[in-house]
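Here the structure is a predicted model, which means the values were calculated and not measured. Naming: A, B, ... by sequence-line order, numbering from 1 per chain.
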Amino acid sequence: MSGTITYGNENEGPFYIQHIHRTGSFERTQHMHDMFELYYLYEGERMYFIRDRSYLILPGDLVLINQRDLHATSDSEKLGHARVVINFAESLIAPTVNEAPFLLQAFTHASPVLRLDLPARRAVEGILDKLLHEAKDEMLGQDFAIRHYLTELLLFTARFVQTQPVASPEHVSPLHRKISTIVRHINTYFDSPLRLEELAEHFDISPAYLSRMFKEITGFSFVEYLNIVRVQEAQRLLVTTKLKVIEVSELAGFGSLVQFGRVFRQLTGMTPLRYRQQAERLQH
DNA sequence: CACGTTAGTTACACTCACTG
DNA sequence: CAGTGAGTGTAACTAACGTG
């Protein structure tokens, strides 16, 4: 890895920026977190799976990922790429967003990928340069400057999606389209017992092939993905309702309370009740 | 206090998803 | 296609808490 600049903590934030230029192959990453993510590609090609489908990311693309949206990157056939990743917590810019709620609207836009024209690229790269410069060394007003340039970048994205209606890019291949359909199926029916074999039959594809392709395209295995979707629903129910843990477990599609507990702990590091209590404390 | 209810943990056996 | 291990269900236990 060369030319790496990092600032902040990738998982806790409140702000993290990383500039990477890689020539070789790149390990895949896949996760979900409470921060917003911005991804800008200078060179190369990447596959990016976001929420329920995959995108081929090309140079000059700016990718916007909302809080808690599942996402995964992997190499396309072409190896090597240069990119900037920014993660930031809502808390970092909360007062500003309060004043100007439209700043985050690009994150809920129909397509998470903004394909920038040349002037737009120059504008974004200029802001990124400033952010990278600020992140490099500690200096007077660093935090302020980072918030300032980040706000500038967000304003740019908000105006861009407002003025340039962005069409959703084509699916990379029919297989990608199919996996995307299956992912949406899982997102809809996660609360019922889902099995790979039945899913495969329903979508007319062999179970082994589905297992392989699902992992390759989404970055998650079938079971991993299903569990994440179920835990997300469980988290929502725990916070927004007063349902008992066993009821949450059933509504989220878990076969048993034991299994719910195991999976929940594995993904969140705490028990369901703890999660609810922690969320309650944060409310006040 | 004794009891019931709810939540969380562990052991063990099995099955099914993943992988080579 | 087949072997393997991760994931899952059942059962049995403990912990925490409220209630008569």
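- Rounded to whole angstrom, the span from the CZ atom of F222(A) across to the C1' atom of dC18(B) amounts to 12 Å.
- The shortest side-chain heavy-atom distance between F36(A) and L64(A) does not fall under the 4.5 Å cut-off.
- Regarding Q259(A), its CD atom lies at a distance of 14 Å from the C1' atom of dG8(B), rounded to whole Å.
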Task: Verdict with supporting geometry, Y42(A) and H81(A), ring pair (Phe, Tyr, Trp, His ring centres under 6.0 Å) - done: CA-CA 7 Å; Y42(A) 292 91; H81(A) 67 283; over 10 Å; no
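- Residue R212(A) is in base contact, counting any heavy-atom pair closer than 4.0 Å across all strands shown.
- Distance K244(A) NZ to dG18(C) P: 16 Å, rounded to the nearest Å.
- At a threshold of 4.0 angstrom between heavy atoms, the contacts of L257(A) with the nucleic acid are absent.
- In this structure, H185(A) and Y189(A) have tilted ring planes: the angle between them lies in the 30° to 60° band.
- We find that CD of E216(A) is positioned 20 Å from P of dA17(B), with the value rounded to whole Å.
- Between F264(A) atom CZ and dG7(C) atom P the separation is 18 Å, expressed in whole Å.
- Distances were taken from every side-chain heavy atom of S256(A) (C-beta onward) to each of dG8(B), dC18(B), dG9(C); the shortest belongs to dG9(C).
- The CD-C1' distance, from Q277(A) to dC17(C), rounds to 12 Å in whole Å.
- Residue P272(A) is in sugar-phosphate contact alone, with no base atom involved, counting any heavy-atom pair closer than 4.0 Å across all strands shown.
- Rounded to a whole Å, the CD atom of E224(A) is 9 Å from the P atom of dT19(B).
- For R262(A) against dG9(C), a side-chain-to-base donor-acceptor contact under 3.5 Å is present.
- Of the side-chain N and O atoms in S221(A), none sit less than 4.0 angstrom from OP1 or OP2 of dA17(B).
- Nucleic acid contact for G255(A): sugar-phosphate only, since backbone atoms but no base atoms lie under 4.0 Å from a heavy atom of the residue.
- Within 4.0 Å (heavy atoms only), R195(A) reaches sugar-phosphate atoms of the nucleic acid but no base atom.
- Comparing R230(A) and A208(A) against DNA chain C, the residue whose closest nucleotide sits nearer the 5' end is A208(A).
- Cation-pi geometry between R53(A) and Y55(A) is satisfied (NZ or CZ under 6.0 Å from the ring centre, within 45° of the ring normal).
- Nucleotide dT8(C) holds its P atom 12 Å from the CG atom of L196(A), rounded to whole Å.
- Side-chain contact between F49(A) and V183(A) is present, with heavy atoms from C-beta onward closer than 4.5 Å.
- A sub-4.0 Å separation between OP1 or OP2 of dC18(B) and a side-chain N or O of S211(A) is present.
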